[in-house]
Amino acid sequence: MNTKILVTGGAGYIGSHTTVELHNAGYEIVIVDNLSNSKVEVIDGIERITGIRPVFIKADCTDLDAMKKIFKTYPDIKGIIHFAASKAVGESVQKPLLYYRNNIDSLLNLLELMPQYGVQGLVFSSSCTVYGQPELLPVNEEAPIQPALSPYGNTKQINEEIIRDAIYSGAPYKSIILRYFNPIGAHPTAEIGELPNGVPQNLVPFVTQTAAGIRKELSVFGNDYNTSDGSCIRDYINVVDLSRAHVTAMNRLLNNVSATNLECFNLGTGKGLSVLELIAAFEKATGVKVPHKIVGRREGDIEQIWADPRRANEVLGWKAVENIEDTLRSAWKWQQKIG
Ligand code: UD1
């Protein structure tokens, strides 16, 4: 029998792609998702790619009884990949308590239940947002954690601390924290991808919607930063590449490869791209123009950040392999599919 993994938030953007890669690696998947920011049709997309329908349970990870029931029904769950979380920075400023409740209670429930049901490993979705604006670039995992700029960012920091404290207290499981840079793109089949809720806040969904004519023009938030062309720099990482890192991390946890019970890895390409460079790369890759104009800076934006992914490359044994043009083409193919 294949090893069973619980994927929380498995109907979401990164969760759905990771479910596909877990399946490809021979795992059996149980998805729990409250569908607060995703659609149940995503499960159909996963099934069309893999030929297997993952178990899907609509439940909220903050609901302890519902989570207990899942572990009772599937007592052979060996690992958890915890994606389920609220993730909109702006909304988190408006509704901080919702963010703290959702993002912290969920993790507490999982950590409390793991020992009771013999779950050995937890992979946690964190973000490069914990570094704020790093002094040294590229940023590695030893860089200081900076005060969070939003309740969302704070929940990621607090969650990392909760995991660390639980592990250091001698909890009988291991964990790997993955700090994502900027995940973009979609599965090459265009069966799954990012489904933004309303007006996209993130750059690439806004780019593809503008290219599709859904948005009149893209606003580039600032061209007066201290970067080569004045726009902000990020490390854009293909979502399938990113998903594969979760499989590698889960293998590592379940095969007892790591020397310590808690590890943390940056997941990025190691290459920074400015907003204007990304737009140019999209236009080149797809042949479609993206009308855009320069506007003022967005409050709270980091000027520039990109990853030093060497620890993930050398210790985890994972490397981003997809190139930016293919990645942007996959985002465009997905946009054309969803219309
Ligand atoms: C944002 C969050 C980050 C979170 C991540 C989750 C902020 C400050 N950071 O990352 O904490 O983990 O989302 O997805 O909100 N841009 C434009 N025009 C647009 C949209 C974006 O110019 O319409 C620019 C931004 O200024 C930024 C870059 O594109 O320089 C990327 O923006 P975005 O996709 O929102 O990601 P982050 O800001 O890096």
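Hydrogens, waters and symmetry mates are skipped; everything else that's a heavy atom, side chains included, is used. Note that the coordinates shown come from a computational prediction; the quantities given were computed from them, not determined experimentally. Each ligand, and each atom within it, is numbered from 1 in the order the structure gives.
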Return the residue, atom name and 0.1 Å-rounded distance of the protein heavy atom closest to [atom].
{"atom": "atom 24 (C) of ligand 1", "result": "V275 CG2, 3.7 Å"}
{"atom": "atom 1 (C) of ligand 1", "result": "N202 ND2, 4.0 Å"}
{"atom": "atom 27 (C) of ligand 1", "result": "R234 NH2, 3.7 Å"}
{"atom": "atom 19 (C) of ligand 1", "result": "F221 CE1, 3.3 Å"}
{"atom": "atom 38 (O) of ligand 1", "result": "R298 NH2, 2.8 Å"}
{"atom": "atom 7 (C) of ligand 1", "result": "V89 CG2, 3.8 Å"}
{"atom": "atom 26 (O) of ligand 1", "result": "D301 OD2, 2.5 Å"}
{"atom": "atom 11 (O) of ligand 1", "result": "T129 OG1, 3.3 Å"}

Which of the numbered atoms in ligand 1 are under 4.0 angstrom from any heavy atom belonging to [X]?
{"X": "V220", "result": "22 (O)"}
{"X": "G300", "result": "8 (C)"}
{"X": "Q201", "result": "20 (C), 35 (O)"}
{"X": "S219", "result": "17 (C), 18 (N), 19 (C), 22 (O), 23 (O)"}
{"X": "C232", "result": "30 (O)"}

For ligand 1, note which part of [X] has a heavy atom under 4.0 Å away: side chain, backbone, both or neither.
{"X": "N182", "result": "side chain"}
{"X": "Y152", "result": "side chain"}
{"X": "Y236", "result": "side chain"}
{"X": "C128", "result": "neither"}
{"X": "I302", "result": "neither"}

Taking only Lys NZ, Arg NE, NH1 and NH2, and the carboxylate oxygens of Asp or Glu, determine whether [X] and [Y] approach each other closer than 4.0 Å.
{"X": "E91", "Y": "K95", "value": "yes"}
{"X": "K284", "Y": "E325", "value": "yes"}
{"X": "R244", "Y": "E322", "value": "yes"}

Subject >> Under 3.5 Å side-chain donor-acceptor pair for S243 and E21 >> reply: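 No donor-acceptor contact under 3.5 Å links the two side chains.
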Original post:
Can E160 and R179 be said to form a salt bridge (Lys or Arg N to Asp or Glu O under 4.0 Å), step by step?
Top reply: CA-CA 10 Å; E160 287 199 6; R179 292 183 181 149; 2.7 Å; yes
Original post:
Are H246 and Y27 near enough that their ring centres are under 6.0 Å apart?
Top reply: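 Distance test on ring centres: not under 6.0 Å, no.
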Original post:
How far apart are the closest heavy atoms of Y173 and G121, and which atoms are they?
Top reply: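 That closest heavy-atom pairing would be CB-N, 4.5 Å.
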Subject >> Steps toward salt bridge (Lys or Arg N to Asp or Glu O under 4.0 Å) verdict (E191, K337) >> reply: CA-CA 8 Å; E191 292 291 358; K337 163 125 191 252; 3.3 Å; yes
Subject >> Test item, G153 contacting ligand 1 (heavy atom, 4.0 angstrom) >> reply: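 The answer is no, since G153 has no heavy atom less than 4.0 Å from ligand 1.
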Subject >> Stepwise side-chain hydrogen bond (donor to acceptor under 3.5 Å, both in side chains) test for S231 and N223 >> reply: CA-CA 4 Å; S231 63; N223 69 343; over 6 Å; no
Original post:
If you draw the axis of the six-membered ring of Y225, does the NZ or CZ of R297 fall within 45° of it and under 6.0 Å from the ring centre?
Top reply: yes
Original post:
Relative to the ring of H17, is the ring of H187 parallel (under 30°), tilted (30 to 60°) or perpendicular (over 60°)?
Top reply: tilted
Original post:
After noting the C-alpha distance and the side-chain angles of E277 and K271, does the key distance pass the salt bridge (Lys or Arg N to Asp or Glu O under 4.0 Å) rule?
Top reply: CA-CA 12 Å; E277 284 169 341; K271 236 187 115 212; over 6 Å; no
